[in-house]
**Q** 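Before I ask anything, here is the structure I am working with.
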Amino acid sequence: MQNTTTQLTPSQEKAVNHKDGALLVLAGPGSGKTRVITHRIANLINSGVAPYKICAITFTNKAAGQMNQRVAEMGTSTGAHISTFHSLCVRILRKYAQFAAIDSKFSIYDSADQKRCMKQAIKKADIDSKSFTPGKLLAAVSSLKNNLIDPETFKTQSDGFYAAKVAKVYRAYQQLLNENASLDFDDLLMKTALLLRDNQQVRDELNDRFMYLLVDEYQDTNHAQYCIAKSLVANHGNICVAGDPDQSIYRWRGADITNILAFEKDWPDATVVKLEENFRSTPDILSVADKLIAANKNRKPKSLIPVRPPAGKVELACFEDEQEEAQGVADKINNLIRQGVSARNIAVFYRVNAMSRAMEECFVRNQMPYQIVRGVEFYSRKEIRDILAYLKIIVNPADEIALLRIINTPARGIGKVTIDKVRRYALTHGLSFYQALAKVHAIDSLSQAHKGRITAFVKMIENFKKAAPDSVSQLIKKVFVESGLQSFFNSGKESDDNSAAENINELINAAAVYERHAEQPSLMDYLQQISLFSDADSYDPTTERVALMTLHAAKGLEFENVFIIGVEDGLLPHERSAESDDELEEERRLFFVGITRAETNLHISYTRYRTVRGQYRRAVPSPFLYELPLELPHQQPSSREDSYDDFDDDISYEPDEEVVPFTKGQLVKHKKFGLGRVEQFIEMGQNSVIVVKFKAGQTKTLMLKYANLTKV
DNA sequence: CATAGCCGCCTTTTT
DNA sequence: GGCGGCTATG
């Protein structure tokens with residue numbers, strides 16, 4: 001796209017030079033939006049605004065880092081606060097912890113921690129966990145938090161059976177978080193929003209601190225973020241937001257598109273700048289994107305004005321199954337690389353992470369360089385989580401989730417019964433779990449041996465605490481060795497490939513990098529930072545590798561060559577989004593985001609068959625494909641299908657043992673479900689379906705060729 | 001109390 | 001298909 005020396009267009013210029021007050025930048029894809037924000041920051045600084053008076057909010061930490069770098073490259077002194085909403089909230093909450101009634105050493109719970117915590121809450125609230133899964137309850141709680149509704153308010157507002165249960169579990173969950181001195185992702189936003197709303201002193205201080213606020217990707221802000229932004233500029237109104245309603249793809253996690261659509265209502269004097277020229281993609285690609293997004297009804301029409309001359313190509317391909325699709329894509333990519341295209345200019349997008357697998361295996365087979373953009377994977381590995389749990393306890397002993405994880409990891413003879421005894425003691429004496437561990441000598445029900453083990457554990461943690469002020473990477477090393485994790489992972493069967501030790505080493509290296517770059521490195525800050533690490537943050541644009549990522553992670557990026565795979569009904573749009581028109585339109589926007597990442601060549605593909613959850617199934621082209629100005633390739637009959645078709649045509653009908661072995665009423669046996677009787681048989685050749693009522697009670701619909709039934 | 005093996009649950013996207 | 005948790009066994 002445009003480099004920094006290119007001139008700005010009049011519209012871009014207008015946005016960059018806008019002085020005080022509210023500014024809305026409605027920017028289409030590839031319109032230079034990020035560049036405008038960067039220029040605007042530089043411009044403010046050049047016109048005399050102190051850098052630290054500027055706060056810019058980006059969607060990911062990676063985007064923040066890039067923006068920081070670009071501002072620096074423009075010769076402007078750095079010092080502007082550029083970060084994500086979540087990072088900003090951590091800073092604010094740490095500084096004003098006493099006003100927010102929290103402990104500044106708070107742990108941040110990721111989704112795995114949240115789940116454990118929610119399970120405890122469900123137990124505590126005594127809820128029938130059959131119909132209320134932790135996942136569903138967490139989603140409900142998350143949505144309440146995003147809308148700044150606390151447990152008490154919700155309790156009074158809610159009616160109905162389900163809402164009452166949610167209210168109860170919400171309260172229990174929140175209480176657990178409090179006891180553990182922990183915040184989940186939503187708390188970071190909610191606590192900050194409430195602090196800014198209810199505490200005038202804090203609000204005034206931050207309004208003085210940040211004289212200018214800029215928010216990128218404003219279409220994906222949720223209500224809490226909206227309130228934070230509004231409070232941050234309550235006294236001066238210097239707010240600049242930029243975004244594109246057509247690229248709103250986070251409704252499912254609370255993003256409220258009306259934040260951007262109604263911006264002019266919030267700030268009636270706002271200046272609005274539209275950026276409709278597209279400097280990124282070829283006219284062909286834009287035509288595809290435009291036709292697609294035009295199918296969304298709930299939308300303000302916006303143009304995509306091509307600037308680049310025609311080049312490259314747009315292709316739609318159909319493959320037999322995900323294996324062949326992966327190979328087909330790999331072949332194309334190999335061709336490109338042979339033609340001299342750098343692998344870093346190539347990306348493959350897909351709807352769900354599970355789809356990376358076939359691609360990855362294929363890349364490995366073909367010895368092609370690739371990177372899967374999935375950063376949090378590393379931090380969810382067992383050994384990494386174990387080490388981090390130790391570190392969390394060192395900073396925040398109240399974090400019971402972390403404590404329970406490591407108290408017997410590696411095994412040190414402190415089992416469930418012992419833990420229960422200590423917990424009961426803690427409960428009756430009003431102590432935290434860790435405090436009770438420290439007072440273990442007073443717990444009569446424990447044997448001397450158990451007391452000794454617990455004392456040794458507490459001693460070890462206290463010993464770590466003494467080393468905590470030193471370097472983080474050194475501390476990780478120390479914990480790894482002295483906790484016994486090292487010998488645990490090295491011992492016999494655990495060290496199948498000693499990848500655990502390697503991963504720990506990588507963690508130590510990453511911590512060393514952190515120490516070099518952080519303004520004020522500390523263990524607490526380190527832990528809070530890595531909690532906010534996102535998938536997209538792991539993307540490294542500098543290496544010679546093809547990037548594989550979800551469509552969501554692709555937001556904000558651009559590549560010369562883009563492959564979008566698995567564009568099939570049920571996948572894109574995803575079956576879980578098929579219930580409402582709003583969700584369907586969001587899926588369309590997601591596809592739109594993917595398409596508009598492409599600069600020159602765009603390859604879209606789908607398959608005739610796909611393995612879903614281990615089942616090889618017929619796949620149907622996405623309805624979105626019929627909205628594109630592209631011909632669907634003639635669906636070549638597969639060799640398998642071929643032979644079947646011939647068979648069907650030539651020999652009009654001949655019962656085959658393989659194909660029609662079952663009649664209604666036939667007694668059959670299934671490996672897993674046992675005996676059953678055939679209820680129905682639907683003859684569909686290779687795809688025949690059989691309905692069996694099993695003795696155990698359940699009735700199952702099975703694909704015949706996978707059911708593996710035997711006649712009895 | 002530790003370990004292995006099995007069963008059952010969930011399974012979109014993510015800060 | 002994959003993981004976490006539960007149970008049975010040593």
Side-chain angles (χ1 to χ4, degrees), chain A residues 57-64 83-90 108-112 114-116 119 129-130 133-136 138-139 142 145-146 183-190 217 220-222 224-225 248-255 349-357 373-377 379-382 405 408-419 447 449-450 453 488 492-494 528-538 549-555 566 570-578 583 586-587 589-591 593-594 611-616 672:
Chain A
I57 294 173
T58 56
F59 199 70
T60 62
N61 291 308
K62 182 200 64 198
S83 75
T84 62
F85 264 113
H86 285 83
S87 294
L88 176 67
C89 289
V90 166
I108 299 173
Y109 278 1
D110 66 15
S111 18
Q114 283 183 54
K115 211 166 171 185
R116 296 186 91 97
K119 278 183 183 167
S129 58
K130 275 284 178 298
T133 64
K136 278 189 183 149
L138 276 173
S142 171
K145 287 185 177 181
N146 285 332
L183 305 184
D184 65 19
F185 288 127
D186 302 313
D187 281 337
L188 294 173
L189 301 176
M190 178 169 173
E217 308 286 8
D220 278 322
T221 50
N222 63 30
Q225 292 166 326
S248 164
I249 54 175
Y250 284 99
R251 203 186 85 101
W252 54 273
R253 77 171 200 214
F349 304 149
Y350 36 80
R351 178 62 178 83
V352 297
N353 280 302
M355 292 168 67
S356 68
R357 197 178 194 161
V373 180
R374 205 154 187 234
V376 295
E377 217 166 39
Y379 287 96
S380 58
R381 307 188 75 101
K382 187 188 175 304
R405 181 181 182 94
N408 203 30
T409 308
R412 49 173 73 88
I414 304 173
K416 191 178 178 301
V417 179
T418 311
I419 289 170
S447 72
H450 287 121
R453 290 172 196 161
F488 176 67
K493 48 226 150 177
E494 283 293 341
Q528 292 177 347
Q529 293 283 321
I530 60 169
S531 304
L532 300 178
F533 200 71
S534 78
D535 278 352
D537 294 331
S538 76
M549 68 188 89
T550 63
L551 285 161
H552 283 91
K555 167 162 147 166
L571 224 37
L572 185 67
H574 196 274
E575 55 189 350
R576 302 268 295 230
S577 311
E583 286 174 322
E586 176 146 308
E587 294 287 306
R589 291 195 292 270
L590 188 56
F591 193 17
V593 166
T611 314
V612 182
R613 272 179 246 138
Q615 285 237 316
Y616 196 68
K672 202 158 133 203

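Because the structure is predicted, anything quoted here is derived from the model rather than measured.
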**Q** What is the distance, rounded to the nearest whole Å, between atom NZ of A:Lys416 and atom C1' of C:dG5?
**A** 12 Å
**Q** For the pair A:Asp537 and A:Ser534, evaluate side chain to side chain donor-acceptor pair (under 3.5 Å) and give the outcome as yes or no after the intermediate values.
**A** CA-CA 5 Å; A:Asp537 294 331; A:Ser534 78; 3.0 Å; yes
**Q** How about A:Asp184 and A:Leu138: do any of their side-chain heavy atoms sit closer than 4.5 Å?
**A** no
**Q** Between atom OG1 of A:Thr58 and atom CG of A:Leu88, what is the distance when rounded to the nearest 0.5 Å?
**A** 10.5 Å
**Q** For A:Trp252 and B:dT13, do the ring centres fall under 5.5 Å apart while the planes stay under 30° apart?
**A** yes
**Q** Rounded to whole angstrom units, what separation is found between the CG atom of A:Leu571 and the P atom of B:dT13?
**A** 11 Å
**Q** Whether the A:His450 and A:Ser447 side chains hold a donor-acceptor pair (N or O, under 3.5 Å, no angle test) is what I'd like checked.
**A** yes
**Q** So, does A:Asn222 get its side chain near the phosphate of B:dT15, meaning an N or O under 4.0 Å from OP1 or OP2?
**A** no
**Q** With DNA chain B as reference, determine whether A:Ala411 or A:Thr60 sits nearer its 5' end, using the nearest nucleotide of each.
**A** A:Ala411
**Q** Return the value, rounded to whole Å, for the distance between atom CE of A:Met355 and atom P of C:dG1.
**A** 16 Å
**Q** Between the protein and nucleotides 8-10 of chain C, which nitrogen or oxygen pairs come in under 3.5 angstrom?
**A**
none

**Q** Please determine whether a side-chain nitrogen or oxygen atom of A:His574 lies at a distance below 4.0 Å from atom OP1 or OP2 of B:dT11.
**A** no
**Q** Whole Å only: how far is the NZ atom of A:Lys136 from the P atom of B:dC9?
**A** 13 Å
**Q** Could you tell me whether the phosphate oxygens of B:dT15, OP1 or OP2, come under 4.0 Å of any side-chain nitrogen or oxygen in A:Ser111?
**A** no
**Q** Between A:Asn353 and B:dT11, does any side-chain N or O lie under 4.0 Å from OP1 or OP2?
**A** no
**Q** Counting the atoms with a prime plus P, OP1 and OP2 as sugar-phosphate, which does A:Ser577 contact under 4.0 Å by heavy atoms, base, sugar-phosphate, or nothing?
**A** base
**Q** Name the nucleic acid region contacted by A:Asn408, choosing base, sugar-phosphate or nothing; use a 4.0 angstrom heavy-atom cut-off, strictly under.
**A** sugar-phosphate
**Q** Would you mind reading off the distance between A:Lys382 atom NZ and C:dG5 atom P, rounded to a whole angstrom?
**A** 12 Å
**Q** Picking from B:dT15, B:dT13, B:dC1, which would you name as closest to the side chain of A:Thr550?
**A** B:dT13
**Q** Taking CG from A:Leu188 and P from B:dT15, how many angstroms apart are they, rounded to a whole number?
**A** 13 Å
**Q** Phosphate oxygens OP1/OP2 of B:dT15: is one of them under 4.0 Å from a side-chain N or O of A:Ser534?
**A** yes
**Q** Hey, is A:His86 doing a stacking thing with B:dT15, by the 5.5 Å centroid and 30° angle criteria?
**A** no
**Q** When the distance from NZ of A:Lys119 to P of C:dC3 is rounded to whole Å, what number comes out?
**A** 14 Å
**Q** Pick one: which of A:Phe349, A:Tyr250, A:Phe591, A:Tyr350 meets ring-ring contact (aromatic ring centres under 6.0 Å, His included) with A:His552?
**A** A:Tyr250
**Q** Between P on C:dC3 and CZ on A:Arg381, what's the gap in Å once rounded to a whole number?
**A** 10 Å
**Q** Heavy atoms only, 4.0 Å cut-off, all strands: where does A:Arg357 land among base, sugar-phosphate and nothing?
**A** sugar-phosphate
**Q** Using side-chain heavy atoms (C-beta onward) and a distance below 4.5 Å, is A:Leu189 in contact with A:Lys145?
**A** no
**Q** Which heavy atom of A:Gly413 sits nearest a heavy atom of A:Asn408, and at what distance?
**A** N-OD1, 3.3 Å
**Q** Taking the nucleotide of DNA chain B with the closest heavy atom to each, which residue, A:Ile419 or A:Glu586, is nearer the 5' end?
**A** A:Ile419
**Q** For B:dT12, does the base pair up with any side-chain atom of A:Arg576 as donor and acceptor (N or O, under 3.5 Å, distance only)?
**A** no
**Q** Is the shortest side-chain heavy-atom distance between A:Arg589 and A:Ser248 below 4.5 Å?
**A** yes
**Q** Counting the atoms with a prime plus P, OP1 and OP2 as sugar-phosphate, which does A:Phe85 contact under 4.0 Å by heavy atoms, base, sugar-phosphate, or nothing?
**A** nothing
